[in-house]
Amino acid sequence: MIQETCKEFTSGLNQQQQEAVQYNSGPLMILAGAGSGKTRTLVSKVSYLLDSLKMSPFKLLALTFSNKAAREMRERVALTCGVPQGALQVTTFHSFCSRVLRHEADYLGLSKNFSIYDQGESMAIVKTIMGRYGISPKEISPYEILYYIEDLKNKGHYLGKTTSEIDETDPFYGYYTDYEQELHKANAFDFGGLITGTLNLFEKNTSIREAYQRRYEYIMVDEYQDTNRAQFLLLLLLLGEKRNLCVVGDEDQSIYSWRGADIGNILDFEKVFPEVRVLRLEQNYRSSKNIIEAASAVIARNIMRKGKELWTENPIGDSVQVCECGSERDEANFVSEEISSLIQNGESANDMAIFYRANSQSRVIEDALRERKINYRVVGGIKFYDRKEVKDVLSYLRLIVNPKDALSLARVINVPARGLGATSLKKLEKIAVDENCSLWEALVAVVERKDNYAHIRLSAKVYSSLNFFIGLISELRSLSDAGESPFKIFERVIYDSGYWDSLRAAKDYESMARLENIEELGSAIKQNESSSENASLLNFLETIALDNTQIGNEEEEMKPLSQVSLMTVHGSKGLEFPFVFIVGAEENVFPSYKSLEGGETGIEEERRLFYVAMTRAMKKLYLCFARARMLFGQLRFNGPSRFLNEIPSKYYSWKFYKTERFEDNSSDDYSQLDPYSSQESYIIKSSHKQSSSKFKKGEKVNHAVYGAGKVVETDGYGVDEKVLIVFSNGCKKRFLVKFAPLCSLS
DNA sequence: ACACTGTGAGTTTTT
DNA sequence: CTCACAGTGT
């Protein structure tokens, strides 16, 4: 009988997948290769736990990094197992933590209506703090400070944590404490703070921690390769003494280490859980044999991996097509010509995708596609909720919900313009700092005790604007508190603030588009009202803060268009297409020049990225590069990507494509090469020429004027050779080697 | 408050 | 080259 039931959940699964479903007696790590049926296996496992092992859905927690993965799993679980709505928790780390924190808000001295700040808002805080110290962004890059802060949080640090790992004498540490104070004053968390705040709660408050530990009997983590240290520590705290943990990931697809993802979470899993069972899902169901073997050969070069051998029963399929193009425009032409003929042969544009390393590469391709009237869509790009007008309205709503939200207040106090500019705002901010109160309280104080603030010398116009603004927000706040619907509040915001009318009055094309976007935001609010059981404004704001998914553009969805998809390689993770074009497979482009600074670690991540891109392809994979490319206003001859060199020649065929006659490139010997000569020798030759420069990356040098420094970037050869040098004082300078008084110290 | 100009930097962006 | 942003001028 039990056997029968088991069969039901494992039917159609291969040996390893079945084992992954049925092994539930201790920590389990599933290393799931690309296209190995991971989600299917996970969903079967959930079914198995619920139905065969009779585990209560309330005791199961499934965490992922992205909403996309959470949604996918949630939908498929709901479909497969008839679990009561909302019983099973399948959610993102951030959403989970946010819920915990709202529930336990008192503990951290915050109220449950806290705001969640995105990176742009975090950056604004850093800049404000720097401004307070009178430090210009030129002296210290605010981005570096923010990066420092995020890094601390990614590693699981929070103020008050007892640890020896943090160097509190670091000059940036002071910014961190100021920044945290600022967030606290604004009753706000940043993304990292949601995780570390929960860590703080669980580490310091035993009874709350134990309550959560008791609640969850089994924890699953998807996209495990994308988790950071803080999230790992959180998992340990949620588990407690229990060992019922299943993590699923693929170290070869870890492409977000620069955002804090810690590949060590996979590589060191066995150190923390010595009794762990490691299972590998290595059979690929997605791609042709040629593609799988080519991709495997590339990723095999990585050292930092546990190691997997992907294999497939799929047919060999077409050779991978490497296409050497004359220029980036030739490349774009080749891709669109090829797509054009595929479509002509009855293939659907929906089945085709073009991947590039950097967004800037999309333009020339878009031009070529448009020229041939091929429909396409650029995936990613500008997010709906990142638009100025949407952020403005959301800031109003946030300020209504959270009076302490100084950032939102500052954003909208003069939107639409009411003569309360930067100067007046600075004065008000100073009062808030001096009196250690929130910005909102400062506003109220200035208006209510006008006489005390005569020395601030605010104009009558400013006073009337302040009165208006305080009245507006106060009224809407009390309406909201009285339970008025979010949509009504939204309408009152756009009408009463004058925002709607000011956009209407503008009458230009841009303002019209903004009005439409605001309308769309309104319908999103309405939709949230009807679909969510907890339809509060707070709930809506949290949803969109943590889920950036583009809201449906109705016009786009109406058209049953067949479109080619364009996206960055990062954006392609988790997707699959029968026909995949990877463009810009060149040194300095893919791998990106920036990643080359990071040494072997940087290259390995680029290689994983390349591997992710390759393994998206089901039927046919095209790898394109340009001999000459306009980059930063200069014609560059980068040479084919080293990753092409890592593909054994038996898996690809090579083609040369050139329609344009392009500028003479006498500084380069590569166009002289016979494109039809043996590919191996071609590539070797090109890598040869890369070492023909005087200085190398990482080389220590001395400059007669600036002193000792290190080469971080090189470009060009011979008389054109240029180097970027970072000097010991942190100053960066670019030189033409021919002229600069440089000598090597190495 | 706005428009213009010069400067500098220029991957990737799940939350 | 091309964009964003800071600083200047009106």
Side-chain angles (χ1 to χ4, degrees), chain A residues 63-72 91-98 116-120 122-123 127 131 136-138 141-143 147 150 153-154 189-195 222-228 230-231 253-261 328 355-361 363-364 379-383 385-386 414 416-424 461 542-549 567-575 584 588-598 602 605-606 608-610 612-613 629-636 713 724 732-734:
Chain A
L63 294 170
T64 69
F65 199 97
S66 72
N67 290 293
K68 196 166 125 193
R71 236 188 321 270
E72 187 178 33
T91 184
T92 64
F93 274 96
H94 290 87
S95 178
F96 173 79
C97 288
S98 182
I116 297 170
Y117 284 168
D118 66 20
Q119 204 186 14
S122 299
M123 182 65 97
K127 284 179 180 164
S136 91
K138 277 178 191 159
S141 147
Y143 180 79
Y147 181 82
E150 285 179 348
K153 295 188 172 192
N154 285 336
F189 285 100
D190 58 10
F191 287 134
L194 291 172
I195 312 290
D222 194 7
E223 299 180 317
Y224 184 64
Q225 76 280 354
D226 293 331
T227 56
N228 61 34
Q231 289 159 339
Q253 293 187 67
S254 165
I255 54 173
Y256 283 103
S257 71
W258 52 279
R259 287 296 266 121
E328 78 273 21
F355 302 155
Y356 35 81
R357 177 65 242 269
N359 286 304
S360 60
Q361 290 169 253
R363 222 173 83 173
V364 61
V379 182
I382 336 112
K383 301 260 167 31
Y385 293 110
D386 281 347
N414 198 33
R418 14 177 117 84
L420 203 161
T423 325
S424 307
K461 192 177 173 191
E542 165 159 326
T543 305
I544 60 172
L546 295 179
D547 187 353
N548 229 345
T549 314
M567 66 191 85
T568 63
V569 179
H570 281 91
S572 77
K573 201 188 85 177
L575 304 176
N588 297 320
V589 176
F590 199 174
S592 84
Y593 69 99
K594 210 79 178 228
S595 71
L596 298 173
E597 287 169 28
E605 177 135 328
E606 293 288 309
R608 290 193 291 270
L609 204 46
F610 201 82
V612 166
R629 177 181 299 270
M630 210 46 153
L631 213 58
F632 302 147
Q634 262 186 323
L635 198 60
R636 307 267 291 249
E713 205 181 293
L724 178 64
K732 282 185 192 174
K733 286 205 179 296
R734 203 175 289 279

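A, B, ... follow the sequence lines: proteins, then strands. Residue 1 opens every chain.
Between Lys383(A) and dT14(B) there is a side-chain polar atom (N or O) within less than 4.0 angstrom of OP1 or OP2. Dashed line: the shortest gap from a side-chain N or O of Thr568(A) to OP1 or OP2 of dT13(B) is under 4.0 Å.
The aromatic ring centres of Phe189(A) and Tyr117(A) sit 6.0 Å or more apart. Aromatic rings of Phe632(A) and Tyr593(A) (six-membered ring for Trp) have centroids within the 6.0 Å cut-off, being under it.
Residue-to-nucleotide contacts include a donor-acceptor pair under 3.5 Å from the side chain of Arg259(A) to the base of dT15(B).
Residues Asp226(A) and Lys573(A) are paired through a salt bridge, judged by an N-O separation under 4.0 Å between the basic side chain and the carboxylate. The pair Lys153(A)-Glu150(A) does not meet the salt-bridge criterion, since no charged nitrogen lies less than 4.0 angstrom from a carboxylate oxygen.
In this structure, Gln119(A) places its CD atom 15 Å from P of dT11(B), rounding to the nearest Å. In this structure, Arg636(A) atom CZ and dG10(B) atom C1' are separated by 11 Å, rounded to whole Å. In this structure, Phe355(A) places its CZ atom 16 Å from P of dT12(B), rounding to the nearest Å. Rounding to whole angstrom units, CG of residue Asp222(A) and P of dT15(B) are separated by 14 Å. Taking atom OH on Tyr256(A) and atom P on dT13(B), their separation rounds to 6 Å, with Å as the unit. In this structure, Met567(A) atom CE and dT13(B) atom P are separated by 11 Å, rounded to whole Å. For the pair Tyr356(A) OH and dT12(B) P, the computed distance is 10 Å after rounding to whole Å. Rounded to a whole Å, the CD atom of Gln634(A) is 14 Å from the P atom of dT2(C).
DNA chain B is contacted by both Tyr143(A) and Gly192(A); Tyr143(A) maps to the nucleotide lying nearer its 5′ end (nearest heavy atom per residue). Nearest-nucleotide assignment on DNA chain B puts the 5′-proximal partner with Ser592(A), out of Ser592(A) and Ala545(A).
Residues Phe65(A) and Thr92(A) have side chains not in contact (no heavy-atom distance under 4.5 Å, counting atoms from C-beta outward).
Screening Gln361(A), Met630(A), Arg363(A) for a side-chain contact (heavy atoms from CB on, under 4.5 Å) involving Glu328(A) leaves a single residue, Met630(A).
Residue contacts for Gln253(A): at a heavy-atom cut-off of 4.0 Å it reaches no nucleic acid atom on any strand shown. The residue Ser136(A) sits apart from the nucleic acid: no heavy atom pair falls under 4.0 Å. Residue Asn359(A) is in sugar-phosphate contact alone, with no base atom involved, counting any heavy-atom pair closer than 4.0 Å across all strands shown.
Rounded to a whole angstrom, the distance from the C1' atom of dT11(B) to that of dA6(C) is 24 Å. Here, dA4(C) and dT13(B) have their P atoms 16 Å apart, quoted to the whole Å.
If you check the side chains of Glu542(A) and Ser98(A), you find a donor sitting under 3.5 Å from an acceptor.
Side-chain atoms of Asn67(A) lie closest to dT15(B) of the nucleotides dT11(B), dT15(B), dT14(B). When distances are taken from the side chain of Arg363(A) to each of dT14(B), dT15(B), dT2(C), the shortest belongs to dT2(C). The side chain of His94(A) approaches dT15(B) more closely than any other nucleotide in the set dT15(B), dT14(B), dT11(B).
In this structure, the aromatic ring of Trp258(A) is positioned over the six-membered ring of the base of dT12(B), centres within 5.5 Å and planes within 30°.
Asp222(A) contributes no side-chain N or O that, together with a main-chain N or O of Thr64(A), makes up a donor-acceptor pair within less than 3.5 Å.
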Encode nucleotides 1-9 of chain B as B, S and - characters from 5' to 3', where the letter depends on protein heavy atoms closer than 4.0 Å: B to the base, S only to sugar-phosphate, - to neither. S--------
